[in-house]
Amino acid sequence: MRLAHPSTVAVFKHRGKRMAVIPFQQRSSKKGNTHSSLVQKKPPRGVPALGIDLGTTNSVASLYVPGHEHPRSLEFEGAPLVPSMLYVDDQANTPSSSEAASNAPTSPVVGRRARERLAMDASDVVRSTKRDMGRPGRLFSSGERSFSAEEAACEVLKYLSQHPELEEVREKYGGLWTVVTVPAHFDDAARQATIASAAQAGLEVLRIINEPTAAALAYSMLPDVRHHDSELLAVFDLGGGTFDVSIVERDGLVFNVLSSEGDVELGGDDFDLALARHLLENVEPVLSARRATEDSDLFRNLLVLAESAKKALQEEGEFRVTSADLDGRGARIDTVLTRDVFESLIAPLVRRTLELTERAVLAARKRPPQISRILLVGGSTRVTAVHRMLQAHFPACLVDARLEPDLAVSWGAAVQAAIILGIEPDTILVDVCSHTLGIGVAEDSRAVGENFKETCKKFGILQPVDDAKLAALLGPRLADFNAQLQGLLRVAPIIHRNSPLPSRKSEFFSTLYHNQAAVQVVVVQGDEGKVSENRLIGSFLFELQQPCPAGTRCEIQLTYDVNGMVHVLAKQLGTENIAEAEFDSRTGEVKGWLSLDDTDTDTDTVVDAEIETEAVAHLSLAPVLSAPFGGGSSRQSSRTEEVHGSESSDTDILNGLLLRLRRHLAKVLPGQPSSPDATQANLPAAVAMLVELERRYTALLRNAARGDENDALLEETESAILDGLESARP
């Protein structure tokens, strides 16, 4: 992204994403701001409510059954838990098969059989992929094939949907409609990847909901709970790969999530990893242990042994870990583990869950004694150290483990599906977003210049150069240059974390330069101060209606939908110039929009990130917006004064709407200056009103530039000006 020299075409790379910054315009006949991967097919009347917990370690599918204590989990090979694992059996395509069959990809083996293969060849089993959802660059191998986390999830979901009972539902109703759960702290890319996996598996996704929220809904099914008028719950969800905690206020069958905290890299897998690292110290010969990396066959086999030891130590005080061959070359282990040693190894991880729980309570503006019940969810809550920790720090709370920890999330998903389908109409759920959503901004034009100079120095460019020379000097490093330049932007938060879903909020920003033709809208998700420290959702160029003076105000509206996914709208105030964008944050593609050079393409076209420089060389790539009106710090105000002078004149306080108003007044008041004297007598009432609005609006803009929080008055005045100009049209 280029900030200082508008003629350079910007192709930038951010955390493995490569995309081009190009202008997009909306086709006038259509508007689209819904994620295309969400269900569009209307569910038929009578279709069963299906809930799926797509877990790190195990996955579960459950059906809602009205009148029962809880939904019914479907069984696969005699058990409801389906290991979220797969492997490719290369011997499945035998030489005797037809040529077509032998050339076709081998269908992977999923579930319990894949788990059984761990004991024979742990390196050949794809497992624990959930943390990498939404990260297409991360691949997992089995046999001759590689899988992204999204593809692995698709295979697991296909396996679940092939249950005989679900096959009957599909045949009868023409599809399967389901709610799928995700960790509360999954970002937009991971949520989109989850929905895409389900769609590829042939499922119609009614909604995705957060796992602890689903568990709270499952808890509502217990008969005695329905007699409680109200209570404050803490849902403690510690699974195989992720941890979430939500504070939920329940009033009858109305569930209001107040706050959510979590860590997508904290779970039972980390317990296994800590234990495997300890076991590595007991591997013989010592040289084999020293050479082993965490990607080696030896260490993967240690992880399998660690998981078995973890489970056994919950029932026994000690457990013997033994293996005669860990790597196929004679590396061995024979040692005895005690529960005390195991708990000392995982103590930092358990403390981390407590810290996040306390933060969630604080974010909900509650105190620990106000929590009546802590619901335990997820297989890793079976670890006795977790129980003891919660009981010690929340003595007034009932630590409730009545829900089956491995099944509760899928039960809650089935309840949510029943709510959406109208089967369970009395239950109401209000969830919250888990990440702050904002855009990248610069304090002022001086900050943009400083960022540019700083980045140039890092790349060894010490003399001022024009755009062509800069591109020639950087060559293939231009993408990295732009990524670093973008990363220096400050994040202006618009929707704060723990806002109720769906949530829509606007903030007003101003352009930085005179004759600016476009603004760069960079949307990020996260709670850190700089763009580079957060997750990039996407970026697009919003063309202004005409080159405008500095200070032209733009409205940026961000929306979290009920699935916690992101939509963006940009509007140039005082005009009808509006743009919406829908990002695929997994790839950086902008969906539903057209390149200015491709007006015949359908609005659902995905514009490729790879754009030739010559195709857009004539387009102005403008800088980002400045900090929001009324939302800046004293530092912002002082910098503004440095750039524009301590005494701003009327000509400094100007935007597109004010310019339009003054041009109109110049036409209706011949011989008068562009800003006429309001004391002039005998003006028509409509003109006098516009004169007064011009004076008021100029004063409001000047005060806003100095830091006054007067957005409401600005909006009111802008509406009045627009109405007045519209009425004055011949």
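Heavy atoms only: backbone and side chains are in, while hydrogens, waters and symmetry mates are out.
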Between E151 and S197, is any side-chain donor less than 3.5 angstrom from a side-chain acceptor?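 Absent: no donor and acceptor within the cut-off.
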S73 and S62: side-chain donor and acceptor closer than 3.5 Å?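 S62 and S73 do have a side-chain donor-acceptor pair below 3.5 Å.
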Run the side chain to side chain contact (heavy atoms under 4.5 Å, CB included) test on Y64 and L50 for me, step by step, so that the C-alpha distance in whole Å, both residues' side-chain angles and the decisive distance to 0.1 Å come before the verdict. CA-CA 7 Å; Y64 179 86; L50 172 64; over 6 Å; no
Are T56 and S128 close enough, and set up right, to give a side chain to side chain donor-acceptor pair (under 3.5 Å), and what steps lead you there? CA-CA 5 Å; T56 304; S128 296; over 6 Å; no
Mind listing the closest non-hydrogen atom pair of [X] and [Y] along with its distance?
X    : Y    : answer
A184 : S434 : O-OG, 2.5 Å
L356 : D263 : CD1-CB, 4.0 Å
L403 : A215 : CD1-O, 3.9 Å
V415 : P71  : CG2-CG, 4.0 Å
S142 : V126 : CB-CG2, 3.9 Å
N210 : P183 : OD1-O, 3.9 Å

Are [X] and [Y] close enough for a salt bridge, meaning some N to O gap below 4.0 Å?
X    : Y    : result
E116 : R112 : no
K130 : E211 : yes
R131 : E265 : no
R320 : D334 : yes
K310 : D272 : yes
E77  : R115 : no

Does any non-hydrogen side-chain atom of [Y] lie less than 4.5 Å from one of [X]?
X    : Y    : result
Q525 : Y560 : yes
N58  : V82  : no
V109 : R117 : no
L345 : F271 : no
T181 : L54  : no
P48  : Y173 : yes
I209 : V180 : no
R352 : F243 : no

For [Y], does its backbone N or O pair with a side-chain atom of [X] as donor and acceptor, under 3.5 Å?
X    : Y    : result
D237 : L376 : no
S410 : G51  : no
R339 : L313 : yes
H387 : T381 : yes
N534 : E528 : yes
T335 : N282 : no
H163 : L74  : no
D400 : L375 : no
Q162 : E167 : no
T357 : T353 : yes

Yes or no on side chain to side chain contact (heavy atoms under 4.5 Å, CB included) for S323 and L305, after CA distance, side-chain angles and deciding distance? CA-CA 9 Å; S323 175; L305 295 174; 4.0 Å; yes
Value rounded to 0.5 Å, distance of [atom1] in [X] from [atom2] in [Y]:
X    : Y    : atom1 : atom2 : result
R332 : E284 : CZ    : CD    : 5.0 Å
S123 : R300 : OG    : CZ    : 5.5 Å
D124 : L86  : CG    : CG    : 10.0 Å
D121 : D297 : CG    : CG    : 6.5 Å
L273 : L349 : CG    : CG    : 9.0 Å
H278 : L337 : NE2   : CG    : 5.5 Å

Please say whether the positively charged group of R191, taken as NZ for Lys or CZ for Arg, lies over the ring of F186, i.e. under 6.0 angstrom from the six-membered ring centre and within 45 degrees of the axis. no
Given the ring of F140, does R138 sit roughly above its face, with NZ or CZ under 6.0 Å from the centre of the six-membered ring and within 45° of the axis? yes
Applying salt bridge (charged side-chain N to carboxylate O under 4.0 Å, His left out), run through R497 and E261 and close with a yes or a no. CA-CA 10 Å; R497 65 186 306 177; E261 285 286 348; 3.2 Å; yes
Can the ring centroids of F76 and Y159 be said to lie less than 6.0 angstrom from one another?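 Yes, they do, as the ring centres are separated by less than 6.0 Å.
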Residue pair D188, R535: steps toward the salt bridge (charged side-chain N to carboxylate O under 4.0 Å, His left out) verdict: CA-CA 9 Å; D188 184 74; R535 180 66 184 256; over 6 Å; no
Side chain to side chain contact (heavy atoms under 4.5 Å, CB included) assessment of L206 paired with L421: CA-CA 9 Å; L206 293 166; L421 294 171; 4.2 Å; yes
Could you go step by step and tell me if R135 and E150 meet the side chain to side chain contact (heavy atoms under 4.5 Å, CB included) rule? CA-CA 8 Å; R135 301 176 185 176; E150 186 175 314; over 6 Å; no
